[in-house]
**Q** 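Below you will find the structure I want to go over with you.
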Amino acid sequence: MIEQALDEINRGCAEIIDNERIEKLLKAYYDEGKTYTVKAGFDPTAPDLHLGHTVLLQKLAAFQKYGGRVQFLIGSFTAMIGDPTGKSATRKVLTQDDIVKNIASYTTQAFKILDESKTDIVYNNEWLDKLGAAGMLQLASNLTVARMLERDDFSKRFASQTPIAVSEFMYPLLQGYDSVHLQSDIEIGGTDQKFNLLMGRQLQKAYEIKKQQAVLMMPILEGLDGVQKMSKSLGNYIGVTDTANDMFGKILSISDDLMWRYYELLSTKTLDVIAQMKTSVEDGSLHPKKVKEDLALEITERFHSREEANAAKEEFDKVHAKSQIPTDIAEFSCEGDIWIAKALQECNIEPSTSQARRDIKQGGVKINQEKVTDEKLQLTQGEYLLQVGKRKFAKLKVN
RNA sequence: GGUGAGAUAGUCAAGUGGCCAACGACGGCAGACUGUAAAUCUGCUCCCUAUGGGUUCGGAGGUUCGACUCCUCCUCUCACCA
């Protein structure tokens, strides 16, 4: 029993600190039914979760199966500072209003994966507000500047002459203090959180709460480009609230290498099954596209439904395999004749008339499936199907 | 507070009086090839109904026929000193 639980918990992890502790907690659960707490912090800076976040959520869900109670920590206080992790610049500070709004949509999305009955949502401003200047100072005395500067992201920013606000130094301390207050048994986070996560252990020791949290780190999920981490600001993400069509299409557009990574971190298939598929692909008995489709279906189904996932697949085949036009196309209309470049811009499929002309020149623009060659073309009364490249479509009605 | 260095398009980074809408790299877009994969090859990459015009090189002024380039002030960053 414990073996199986441990296997599932260890799956895909980048690093675990104090695995013995996790084993003990599991043992206590199986022997005495004792539950334990698993903390994970979320920054309510953006209202949408993407698949990168779900890697963590899935791991939390795994803990919930084996006696873990999740402390879903909303960084309502720390969001005012902004986590310096991986940032090349000081983050903009959020207002309380923004935060409240973000949290609402955040938690609904999270409960698509987490078991709500085994989750406690906590806000760190509840105790951090009360910490006060004296408490802050006491907290800060636990950390030296030299140690702070050891942090890779800080030293890099320092080296590249990017500003670092002093308040950002406080971030790891506050995050660590959360673990003191919550008396967390385990904390999980991305590998980029290592410093912050370890701070929790150090502070729990310093504040003598008689336990030190185990730390479990998940790899960072790469975005669609396969290089940089998935993030909204880089635009390389698959959002939990993306439509089934988008989700399916985005997953199919990732590279084959990245696909295996996604399988490992996002799929519920066992590692054995995944390894087997990989072998079959390598010896040519299984087409990688098929494997990718299965992944796309699995994930789309998780956030939508089986029917919608299948419909998304059909739509995709229709548009791309058979190069027919998509079902839903944004429609626009205008009064009087219009210049083609202007029309493309008006329909939001080209950013400017300059760009439109360039694309026409390069043969990237089609009207009613026919390539446009004349960049001065005027559209007269009628209905047109405009297309730029392979994926941008719009319908335009000229009156 | 003092001294010195720096701020250039999405990012990095050349350019130090006209040849500059600004080298190059990355990214991005389009085309070819494909499985809307990767790799590769080609073209494009500020805006404007365009062989031309307009607005750009942290901000505001100034010198000059002409400024990203020189001067003054301001804002921000970094380093060293205190």
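Computed over heavy atoms, backbone and side chain alike; hydrogens, waters and symmetry mates excluded. Here is the naming used below: chain letters follow the sequence lines, and residue numbers restart at 1 for every chain. Bear in mind that the values here come from a model prediction, so they are computed numbers and not experimental data.
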**Q** Tell whether A:Q228 reaches the base of B:rU11 with its side chain through a donor-acceptor pair below 3.5 angstrom.
**A**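 There is none.
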**Q** Short question: side chain of A:T353, backbone of A:K342 - any donor-acceptor pair under 3.5 Å?
**A**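 Not a single qualifying donor-acceptor pair exists.
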**Q** Does A:D257 come within less than 4.0 Å of A:R261, counting only side-chain N to carboxylate O?
**A**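 Salt bridge absent between A:D257 and A:R261.
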**Q** In whole angstrom, give the distance that lies between atom CD1 of A:I254 and atom C1' of B:rG35.
**A**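 Taking CD1 of A:I254 and C1' of B:rG35, I get 13 Å after rounding.
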**Q** Taking atom C1' in both B:rG4 and B:rU11, what distance in whole Å separates the two?
**A**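 Going atom to atom, C1' in each nucleotide, I get 28 Å.
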**Q** Which whole number of Å gives the distance between the C1' atom of B:rA67 and that of B:rU56?
**A**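 These two C1' atoms come out 13 Å apart once rounded.
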**Q** Which base sits across from B:rC70 as a Watson-Crick or G-U pair, both distances under 3.5 Å?
**A**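 Paired with B:rC70, as far as the under-3.5 Å criterion goes, is B:rG62.
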**Q** Distance check needed: B:rG35 C1' versus A:L252 CG, whole Å only.
**A**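 Rounded to whole Å, this separation is 8 Å.
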**Q** Tell me: CD1 of A:I340 to P of B:rA50, nearest whole Å?
**A**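 Atom-to-atom, A:I340 to B:rA50, this comes out as 17 Å.
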**Q** Within a 6.0 Å radius of atom CD on A:E116, are there more than 12 heavy atoms belonging to other residues, nucleotides or ligands?
**A**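 Counting other residues, nucleotides and ligands, CD of A:E116 stays at 12 neighbours or fewer.
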**Q** Give one of base, sugar-phosphate or nothing for A:G226, where a contact means two heavy atoms less than 4.0 Å apart.
**A**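 If one applies the 4.0 Å heavy-atom cut-off, A:G226 turns out to touch nothing in the nucleic acid.
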**Q** Identify which nucleotide among B:rU36, B:rA50, B:rA37 has an atom closest to any side-chain atom of A:F316, counting heavy atoms from C-beta outward.
**A**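 Closest nucleotide among those given: B:rU36.
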**Q** Can you check the distance between B:rU72 and B:rC78, where both ends of the measurement are the C1' atom (answer in whole Å)?
**A**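 The answer is 23 Å between these two C1' atoms.
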**Q** For the P atoms, the ones on B:rU36 and on B:rU42, what distance do you get once it is rounded to whole angstrom?
**A**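 Per the computed distance, 24 Å lies between those P atoms.
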**Q** Establish, for the pair A:K250 and A:Y237, whether the NZ or CZ atom is under 6.0 angstrom from the six-membered ring centre and no further than 45 degrees off its axis.
**A**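 Output yes; distance and angle both within limits.
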**Q** Between B:rA21 and B:rA50, how many Å separate the two C1' atoms, rounded to a whole number?
**A**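 My reading of the C1' atoms in B:rA21 and B:rA50 gives 15 Å.
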**Q** Suppose we define a pair by two distances each less than 3.5 Å, Watson-Crick or G-U wobble; what does B:rU45 pair with here?
**A**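 Base partner found: B:rG27.
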**Q** How far, in whole Å, is B:rG59 from B:rC68 if one measures between their P atoms?
**A**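 That atom pair is separated by 11 Å.
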**Q** Quick check: does any side chain N or O of A:S76 sit under 3.5 Å from a backbone N or O of A:N125, one acting as donor and the other as acceptor?
**A**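 At least one qualifying donor-acceptor pair exists.
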**Q** Which part of the nucleic acid, if any, lies within reach of A:D256 when heavy atoms closer than 4.0 Å are counted: base, sugar-phosphate only, or nothing?
**A**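 Base contact.
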**Q** Using heavy atoms to find the nearest nucleotide of RNA chain B for A:D359 and A:P288 separately, return the residue whose nucleotide is more 5′.
**A**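 Mapping each residue to its closest nucleotide by heavy atoms, the 5'-most match is A:D359.
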**Q** Please pick, from B:rU45, B:rA38, B:rU49, the nucleotide with the shortest atom-to-atom distance to any side-chain atom of A:R358.
**A**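 Given the options B:rU45, B:rA38, B:rU49, the side chain of A:R358 is closest to B:rU45.
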**Q** Tell me whether A:K229 is salt-bridged to A:D192, with the criterion being a basic N under 4.0 Å from an acidic carboxylate O.
**A**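 Looking at A:K229 and A:D192, the cut-off is met.
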**Q** Both distances below 3.5 Å, Watson-Crick or wobble geometry, any strand: find the nucleotide opposite B:rC78.
**A**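 B:rC78 is paired with B:rG4.
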**Q** To the nearest angstrom, how far is A:K376 atom NZ from B:rA50 atom C1'?
**A**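 It is 7 Å, rounded to the nearest whole Å.
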**Q** Classify the glycosidic conformation of B:rA50 as syn or anti, calling it syn when the angle lies within 90° of 0.
**A**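 That one's syn.
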**Q** Could you state the atom-to-atom distance from CD of A:E375 to C1' of B:rC48 in whole Å?
**A**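 After rounding, the reported distance stands at 13 Å.
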**Q** With RNA chain B as reference, determine whether A:D337 or A:M259 sits nearer its 5' end, using the nearest nucleotide of each.
**A**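 Counting from the 5' end, the first nearest nucleotide belongs to A:M259.
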**Q** Measure CG/A:N236 against C1'/B:rG28 and give the value in whole Å, please.
**A**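 Nearest whole value for this atom pair: 13 Å.
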**Q** Can you tell me how far P of B:rA38 sits from CG of A:L224, to the nearest Å?
**A**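 Computing the A:L224:CG to B:rA38:P distance gives 11 Å.
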**Q** Using a heavy-atom cut-off of under 4.0 Å over every strand shown, decide if A:K292 touches base, sugar-phosphate, or nothing.
**A**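 The answer is base, as A:K292 lies within the cut-off (heavy atoms under 4.0 Å) of a base atom.
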**Q** Would you measure the distance from the C1' atom in B:rC23 across to the matching atom in B:rU45 and give it in whole Å?
**A**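 My reading of the C1' atoms in B:rC23 and B:rU45 gives 15 Å.
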**Q** What's the closest nucleotide to the A:K289 side chain, out of B:rG35, B:rC48, B:rA38?
**A**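 Nucleotide nearest to A:K289's side chain: B:rG35.
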**Q** Considering only side-chain heavy atoms of A:K390, which listed nucleotide, B:rC47, B:rC33, B:rA38, is closest?
**A**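 For the A:K390 side chain, the nearest candidate turns out to be B:rC33.
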**Q** OP1 or OP2 of B:rG43 sitting under 4.0 Å from any side-chain N/O of A:R357?
**A**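 Result: no.
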**Q** Just compare B:rG35, B:rU36, B:rA30 and give me whichever is closest to any side-chain atom of A:Q362.
**A**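 The answer is B:rA30, which lies nearest to the side chain.
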**Q** Taking syn as within 90° of 0 and anti otherwise, name the glycosidic form of B:rU51.
**A**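 Syn.
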**Q** Just name whichever nucleotide pairs with B:rU36, Watson-Crick or G-U, keeping both distances under 3.5 Å, else none.
**A**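 Matched B:rU36 with nothing under the 3.5 Å cut-off.
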**Q** Report yes if some heavy atom in the side chain of A:T119 is under 4.5 Å from a heavy atom in the side chain of A:T107; otherwise report no.
**A**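 Not in contact.
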**Q** Between A:R11 and A:D7, is there a side-chain N and carboxylate O pair less than 4.0 Å apart?
**A**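 Result for this pair is no, no salt bridge flagged.
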**Q** Tell me whether the OP1 or OP2 atom of B:rC47 has a side-chain N or O from A:S352 closer than 4.0 Å.
**A**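 True: A:S352 side-chain N/O within range (under 4.0 Å) of B:rC47 OP1/OP2.
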**Q** Could you state the atom-to-atom distance from CH2 of A:W339 to C1' of B:rU49 in whole Å?
**A**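 Between C1' of B:rU49 and CH2 of A:W339: 4 Å.
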**Q** How is A:L258 classified with respect to the nucleic acid when contacts are heavy atoms under 4.0 Å: base, sugar-phosphate, or nothing?
**A**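 It contacts nothing in the nucleic acid.
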**Q** Reckon A:R391 touches a base, only the sugar-phosphate, or nothing at all at heavy-atom distances under 4.0 Å?
**A**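 A:R391: base contact, heavy atoms under 4.0 Å.
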**Q** Side-chain N or O of A:S253 versus OP1/OP2 of B:rU36: is the shortest distance under 4.0 Å?
**A**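 Answer no for this pair, as no side-chain N or O of A:S253 is under 4.0 Å from OP1 or OP2.
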**Q** Should B:rA50 form a Watson-Crick or G-U wobble pair with both distances under 3.5 Å, which nucleotide is its partner?
**A**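 Answer to the pairing question: none, since B:rA50 forms no Watson-Crick or G-U pair.
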**Q** How far does the P atom of B:rC26 sit from the matching atom of B:rA32, given to the nearest Å?
**A**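 To the nearest whole Å, 23 Å.
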